[in-house]
Amino acid sequence: MVFDLATLSPVEKQYYLQHVIAPRPVCFASTIDKEGNVNLSPFSFFNMFSSNPPIVIFSPARRVRNNTTKHTLENLHEVPEVVINIVTYDIVQQTSLASCEYPKGVDEFTKAGFTKEPATVVKPPMVKESKAKLECLVKEIKSLGEEGGAGNLVICEVLRLHLDDSLLNEDKKIDQTSLELIARLGGDWYCRTSKENLFQVPKPNVQLGIGIDALPQSIRHSKFLTGNQLGLLGNVHEMPVVEPSFDDEHLKNIVQYFAVDPAEMEREVHTYAAKLLDANKVYEAWQVLLAAENIV
Ligand SMILES: Cc1cc2nc3c(=O)[nH]c(=O)nc-3n(C[C@H](O)[C@H](O)[C@H](O)COP(=O)(O)O)c2cc1C
């Protein structure tokens, strides 16, 4: 199915885009108006776009329903400063409560039960319960349209970052698995980062990966290896060679039982290599595949 966005209603555009452009991190924005009234609202149209200068952008959009603008946006036109509080799982329900459309002047810190903590270089208060907070100056607000659903890019320079001590180890590094971040998807769906669902992808570093196109034909066109597994094999910096010292009992068994039947042998070897790759044993997988290539 192909959707031509121009033929969709504003609600449909929002629906489909929000379900697939996900998960989105949540900026829990604290702002004030020129009288000093505080506002606190979550925005998942949010991300970082530059680290030097440190720039993050979020977007309070015009309401699709009635094309009105959000208090957060109005406040930022009056006082261009914001604290962006990062949302973790322990405060997700309170954060959602703060998104209710309370009348202007109602303080969502109070409604959602959060504690105000003074910021150090900007006027809006921080959310004490948030484990990471960004004090920001608004550099520019860019309106993306006049109709309901139109975003307003709030381009912010981060001046100070507050991190809860519990997130840092002795080297002042963050343990990514300990920060249970939440993110928004389509509709009412959210996700949460936790030890069980996080995984690592080895970063291709300055050396180039040989590429999937450089893999031997029989590996590249394997019926048993997935795109992710081929991606791991193609990420080595030079074509591996068989190491005479490589010794693997399971491979020996495969060779012993299946050497007479090349098709069965390929299935067994590739399935074994796939298992090794899933366990991130790239070197071993290469050795198994190359050793079998030499036999066949
Ligand atoms: C997790 C979450 C993410 C949201 N993201 C956005 C967003 O990116 N843009 C937006 O305009 N509204 C977003 N909303 C809705 C606003 O939070 C909501 O309209 C809020 O009432 C605005 O408050 P304000 O008028 O006090 O600024 C989101 C709501 C939730 C719960």
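Excluded from the calculations below are hydrogen atoms, water molecules and symmetry mates; all remaining heavy atoms, backbone and side chain alike, are included. Order of listing sets the numbers, starting from 1, for every ligand and every atom in it.
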Inset, instruction - Begin with the C-alpha distance, continue with both residues' side-chain angles, and end with the deciding distance and a verdict on side chain to side chain donor-acceptor pair (under 3.5 Å) for Tyr102 and Asp107. - result: CA-CA 8 Å; Tyr102 295 113; Asp107 181 344; over 6 Å; no
Inset, instruction - May I have the step-by-step check of side-chain contact (heavy atoms from CB on, under 4.5 Å) for His71 and Asp33, ending in yes or no? - result: CA-CA 9 Å; His71 298 141; Asp33 65 13; over 6 Å; no
Legend entry - Expected output: side-chain Lys172 to main-chain Asn169 donor-acceptor under 3.5 Å: no
Numbering as shown, the atoms of ligand 1 that approach [X] to under 4.0 Å (heavy-atom distance):
X: Ser41; value: 22 (C), 23 (O), 24 (P), 26 (O), 27 (O)
X: Tyr190; value: 1 (C), 31 (C)
X: Glu108; value: 26 (O)
X: His71; value: 24 (P), 25 (O), 26 (O), 27 (O)

Look at ligand 1 and say whether [X] reaches it with a heavy atom at a distance under 4.0 Å.
X: Cys100; result: yes
X: Arg63; result: yes
X: Phe58; result: no

Legend entry - Nearest-contact summary for atom 30 (C) of ligand 1 - protein heavy atom, Å: Arg184 NH1, 3.3 Å
Inset, instruction - Using distance alone, decide if ligand 1 has a nitrogen or oxygen within less than 3.5 Å of any nitrogen or oxygen in Ala61. - result: yes
Legend entry - Heavy-atom nearest option to atom 9 (N) of ligand 1, drawn from Ala150, Ser59, Pro60: Ser59
